[in-house]
Protein chains: 2
Amino acid sequence: MTETVLRERRRRQTEREIGDAALLLFEQQGVDGTTVDDIARAAGVSARTFFRYFPSKERAALVPHTELDERVEEMLDGLVADRPLLEQLEEVWCEILVALDDGRSEPGRLLLRVRRLMRSEPALRLAAIGYDEERVDALVERLRVLLGVDDDLGPRLAVTTAAVVVGVALDRWADARDAGRPVDLLATYAEARRLLRESVSP
Amino acid sequence: MTETVLRERRRRQTEREIGDAALLLFEQQGVDGTTVDDIARAAGVSARTFFRYFPSKERAALVPHTELDERVEEMLDGLVADRPLLEQLEEVWCEILVALDDGRSEPGRLLLRVRRLMRSEPALRLAAIGYDEERVDALVERLRVLLGVDDDLGPRLAVTTAAVVVGVALDRWADARDAGRPVDLLATYAEARRLLRESVSP
DNA sequence: GCCATGTTGTCATTCACTGCCACACTGGCA
DNA sequence: TGCCAGTGTGGCAGTGAATGACAACATGGC
């Protein structure tokens with residue numbers, strides 16, 4: 001039993017090493033210019049092992065991205081049925097974004113590198129969207145049960161809308177950094193939420 | 001000059017034939033169970049030619065989907081700066097959805113088949129999202145210019161939000177059909193818009 | 001008939017991804 | 001101590017997506 005914990009830790013370690021190697025190589029040579037063999041070699045594993053950790057080379061660089069989603073899922077237990085869903089989801093995201101400390105914390109730095117890369121690498125962006133897409137259904141289902149409704153249209157709209165707003169804010173955050181006029185992540189997210197309200201009920 | 005028109009027509013014809021073949025084969029054998037060679041053979045062209053028409057096998061089945069986006073882009077000229085963007089985009093989409101006639105018109109039937117397939121084929125869904133993603137930037141830029149603003153945060157939120165709401169409605173439409181209790185597409189879209197308003201300003 | 005242009009097929013190549021098998025490690029148990 | 005599961009890893013072969021290069025072909029204009 002302590003054994004499985006040890007195994008898990010080892011696995012996480014290897015995952016991190018492969019992920020780091022992938023991110024670095026993508027930054028240096030681009031996604032298309034990097035083969036799975038390159039990544040595997042840099043991480044000290046075989047290509048075969050690489051695919052035991054990640055289903056595609058793009059996914060390897062998305063570890064910082066997937067960790068955000070995992071944190072969202074953990075925090076979902078705190079949600080209640082008698083308050084607007086979107087509002088609560090936004091609070092969850094706020095809390096997560098705060099932990100990034102505008103790119104100064106380690107997770108923040110890593111996420112910034114990934115989002116920056118996503119700007120110029122459509123394959124990476126698509127892989128990220130694909131990952132999110134996979135999670136949405138499970139998320140929506142949980143919220144549907146929480147609300148005790150048959151129809152998941154409401155939860156689905158809340159989840160996807162929340163995701164869109166966060167995504168837009170993160171994009172702008174990375175964009176502004178690259179353009180040399182950095183903006184604050186939380187302020188950008190607040191601005192995006194304000195604009196959403198304004199768009200929907202002008 | 002009449003020549004280029006002829007060529008264009010021929011090209012469209014081939015595109016349609018490949019697209020039809022792809023859609024049919026995907027329905028019959030699944031996306032993973034269908035190779036590019038299968039599609040090309042069914043359409044009477046070589047695999048090399050296939051890739052001169054579509055960048056991936058998934059894209060071939062998305063012709064009905066891409067035609068919607070093209071129609072959106074055509075109708076963008078009608079937009080004005082002094083009315084809420086999201087509202088105008090929703091009107092554009094309404095007009096397009098009307099033309100589908102709840103799946104009774106030819107484009108409607110085709111789109112229904114694609115959306116149905118997208119439910120069970122993640123690769124297809126991802127390809128569709130990827131296509132949309134490619135168009136968003138150009139769309140956002142046009143709207144930014146139209147509004148005469150520097151910042152594209154507003155237009156981007158409007159475009160992506162509008163897309164999310166349409167996407168959710170189309171999903172539910174195809175879902176309900178498959179489940180044997182069909183719903184009206186326009187009514188579903190209206191319901192989705194209502195729920196968005198409710199979510200955002202409860 | 002001839003040329004310019006665009007279209008197509010064939011071939012070769014790279015590379016992502018998967019299944020299969022053998023080998024190594026580790027921790028329990030006689 | 002030696003056997004024996006369970007698990008992780010690498011090597012290997014195979015499939016199939018995607019691309020570049022080149023030659024053959026069709027077609028409309030001269």
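Letters go in sequence order (proteins before strands), and every chain restarts at 1.
With sequence neighbours excluded, the residues forming a side chain to side chain contact (heavy atoms under 4.5 Å, CB included) with B:R12 are B:E8, B:E15, B:E70, listed by chain and number. Legend: residues meeting side chain to side chain contact (heavy atoms under 4.5 Å, CB included) with B:P84, ordered by chain and number and at least two apart, are A:P202, B:E87. With sequence neighbours excluded, the residues forming a side-chain hydrogen bond (donor to acceptor under 3.5 Å, both in side chains) with B:S56 are B:E58, listed by chain and number.
Computed from coordinates, the B:F51 CZ to C:dC11 C1' distance equals 15 Å when rounded to whole Å. To the nearest angstrom, P of D:dT9 lies 10 Å from CZ of A:R7.
For residues 10-32 of chain A, proximity to DNA chain C is found at no residue, defined as any non-hydrogen atom under 4.0 angstrom from a strand atom.
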Nucleotides 19-24 of chain C: protein proximity per nucleotide (B base, S sugar-phosphate only, - neither; heavy atom, under 4.0 Å): BB----
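Annotation: ring pair (Phe, Tyr, Trp, His ring centres under 6.0 Å) contacts involving residues 9-63 of chain A, sequence neighbours excluded, comprise A:F50-A:F54.
Residue A:L124 comes nearest to A:A61 through the heavy atom pair CD1-CB, 4.2 Å, listed as atom of the first residue, atom of the second, then distance.
Within 6.0 Å of CZ on A:R83 lie more than 12 heavy atoms contributed by other residues, nucleotides or ligands.
Contact annotation for A:F54: no contact, since no heavy-atom pair falls under 4.0 Å across all strands. In this structure, A:Y53 reaches the sugar-phosphate backbone alone: every heavy-atom distance under 4.0 Å involves primed, P, OP1 or OP2 atoms, never a base.
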